[in-house]
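Below is one structure, written out as structure tokens; the observations come after it.
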Amino acid sequence: MDVALLIVAAAAAGWVDAVVGGGGLVLIPAMLIAQPGLPAATALGTNKLAAVFGTASAAWRYVRHVRIDLHRLVPVFVAALVFSALGALVAISLPTEIFTPIVLVMLVGVGLFVALNPGFGGDASAGPRSRLSTLAGLVLAGVVIAFYDGVMGPGTGTFLIISLTALVGTSFLESSAMAKVINTGTNLGALTVFGLQGNVLWLLGLGLAAANIVGAQIGSHMAIGRGSSFVRWVLLAVVVVMVGKLGYDLITD
């Protein structure tokens with residue numbers, strides 16, 4: 001196993017996850033390349049172990065520097081933990097490949113919307129939404145997207161940021177901060193299920209978690225320092241990469 005490759009990949013995944021999410025697209029393939037024959041479920045479970053530490057560390061930095069309503073996020077965090085665990089249970093018996101075309105279309109739509117609306121997600125566009133819209137955004141994040149993260153995962157951070165920005169009325173930076181708190185819950189819920197199934201390499205995962213934390217701290221520091229515009233461009237770049245990866249998987253499967 002190429003440990004150096006995995007450490008670099010874990011740090012890079014932490015950076016991407018801290019800004020817009022999508023770190024699994026870096027670390028999971030790296031694990032499969034470094035250890036041929038590794039079961040996909042084990043790669044997913046070990047990735048969740050590394051990611052939960054990195055995401056939690058990024059959430060801690062965001063909470064200290066970005067103003068968000070933590071009291072409102074507590075029930076969303078709990079819901080995210082529960083529904084991501086349910087999603088992971090469903091993933092055992094449901095072929096996740098059926099979601100690929102749907103996620104691909106959604107990502108293309110998200111990318112086009114963000115690219116064609118330069119003001120979306122900026123500080124000027126942020127503002128309070130109606131109670132119904134805010135509730136819908138939080139339910140979408142803590143239930144639907146959390147469940148999806150347990151079942152499949154790619155694009156979870158991106159979907160969280162877009163839904164919170166559009167429905168709750170936060171800027172990209174604020175949405176990224178909230179997404180890290182929620183994503184910590186989804187990672188923890190899915191990790192619990194993978195761990196109980198024996199699909200986690202604990203020693204390797206803890207080593208990768210250390211590298212993931214380093215990347216997450218750098219990524220969150222850059223996002224906080226550079227603001228919503230930086231998050232927007234990284235989000236678009238990650239969407240392009242995810243669309244390419246999922247499109248390739250769809251063609252070659």
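Bear in mind that the values here come from a model prediction, so they are computed numbers and not experimental data.
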Practice item. Using only heavy-atom distances, determine whether the side chains of Asn183 and Thr186 contain a donor-acceptor pair under 3.5 Å. Key: yes

Check: residues 200-207 side-chain donor-acceptor pairs under 3.5 Å, at least two apart:
none

Review point. Which residue pairs pass the salt bridge (charged side-chain N to carboxylate O under 4.0 Å, His left out) test with at least one member in residues 181-205, sequence neighbours excluded?
Key: none

Exercise for review: Take Val90 and Leu86 through the side chain to side chain contact (heavy atoms under 4.5 Å, CB included) test and state the conclusion after the steps.
Suggested key: CA-CA 6 Å; Val90 169; Leu86 291 175; 5.6 Å; no

Check your understanding: Can Val144 be reached from Tyr148 by stepping across I, L, V, M, F, W or Y side chains whose heavy atoms are under 4.5 Å apart?
Key -> yes

Point to revise | Check: Ile218 and Trp15 side chains under 4.5 Å, non-hydrogen atoms | key: yes

Check your understanding: Would a distance-only check, ignoring hydrogens and angles, find a side-chain to backbone donor-acceptor pair under 3.5 Å from Thr42 to Leu38?
Key -> no

Review point. Of Leu5, Leu6, Leu44, which is the lone residue that meets side chain to side chain contact (heavy atoms under 4.5 Å, CB included) with Met31?
Key: Leu6

Point to revise | salt bridge (charged side-chain N to carboxylate O under 4.0 Å, His left out) contacts touching residues 204-219 (sequence neighbours left out) | key: none

Point to revise | Closest heavy-atom pair and its distance - Gly87, Val151 | key: O-CG2, 3.2 Å

Practice item. Using only heavy-atom distances, determine whether the side chains of Thr170 and Thr165 contain a donor-acceptor pair under 3.5 Å. Key: no

Practice item. Please say which of Thr156, Thr192, Thr55 ends up in a side chain to side chain donor-acceptor pair (under 3.5 Å) with Asn187. Key: Thr55

Check your understanding: What pair of heavy atoms forms the shortest contact from Ala223 to Val231, and how long is it?
Key -> CB-CG2, 4.1 Å

**Study point:** Heavy-atom pair of closest approach, residues Ala50 and Asn212
**Key:** O-OD1, 3.4 Å

Exercise for review: Flag yes if Met222 and Ile161 sit in one hydrophobic cluster, no otherwise; membership is Ile, Leu, Val, Met, Phe, Trp, Tyr, and two members link when side-chain heavy atoms are under 4.5 Å apart.
Suggested key: yes

**Study point:** Single hit among Leu236, Leu235, Leu160 for side chain to side chain contact (heavy atoms under 4.5 Å, CB included) with Val20
**Key:** Leu235

Exercise for review: Write down the atom of Gly24, the atom of Asp17, and the distance for their closest heavy-atom approach.
Suggested key: N-OD2, 4.5 Å

Practice item. Scan residues 35-58 for pairs that pass salt bridge (charged side-chain N to carboxylate O under 4.0 Å, His left out), counting only residues two or more places apart or in two chains. Key: Lys48-Asp149

**Study point:** Nearest non-hydrogen partners of Ala190 and Ser84, listed with the distance
**Key:** N-OG, 3.5 Å

Ignoring hydrogens and angles, write down the donor-acceptor pairs under 3.5 Å from the side chains of residues 67-83, residues two or more places apart or on other chains.
unit_1: Asp69; atom_1: OD1; unit_2: His71; atom_2: N; d: 3.2
unit_1: Asp69; atom_1: OD1; unit_2: Arg72; atom_2: N; d: 3.3

Practice item. Check whether any side-chain heavy atom of Val168 sits under 4.5 Å from a side-chain heavy atom of Leu164, and report yes or no. Key: yes

Point to revise | Joint hydrophobic cluster, Phe159 plus Val243, side-chain heavy atoms closer than 4.5 Å | key: yes

**Study point:** Backbone of Leu167 reached by a side-chain donor or acceptor of Ser133 within 3.5 Å
**Key:** yes

Check your understanding: Is Phe230 close to Val19 at the side-chain level, that is, under 4.5 Å between some pair of heavy atoms?
Key -> yes

Side-chain atoms of residues 59-66: list all donor-acceptor pairs with protein atoms under 3.5 Å, sequence neighbours left out, distances to 0.1 Å.
unit_1: Arg61; atom_1: NE; unit_2: Gln217; atom_2: OE1; d: 3.0
unit_1: Arg61; atom_1: NH2; unit_2: Gln217; atom_2: OE1; d: 3.3
unit_1: Tyr62; atom_1: OH; unit_2: Ala18; atom_2: O; d: 2.7
unit_1: Tyr62; atom_1: OH; unit_2: Ser176; atom_2: OG; d: 3.3
unit_1: His65; atom_1: ND1; unit_2: Arg61; atom_2: O; d: 3.0

Practice item. Begin with the C-alpha distance, continue with both residues' side-chain angles, and end with the deciding distance and a verdict on side chain to side chain contact (heavy atoms under 4.5 Å, CB included) for Met178 and Leu138. Key: CA-CA 10 Å; Met178 294 171 68; Leu138 295 177; 4.3 Å; yes

Check your understanding: Any donor-acceptor pair under 3.5 Å linking the side chain of Asn199 with the backbone of Gly45?
Key -> no

**Study point:** Within-4.5 Å side-chain heavy-atom neighbours: Ser163 and Ile145
**Key:** yes

Check your understanding: If Ile, Leu, Val, Met, Phe, Trp and Tyr residues are connected whenever their side-chain heavy atoms lie under 4.5 Å apart, and connections chain through other members, are Val234 and Leu112 in the same group?
Key -> yes

Check your understanding: Out of curiosity, does Leu32 fall in the hydrophobic cluster containing Val8 (side-chain heavy atoms, cut-off under 4.5 Å, transitive links)?
Key -> no

**Study point:** Min side-chain heavy-atom separation Ile162-Phe172 under 4.5 Å
**Key:** yes

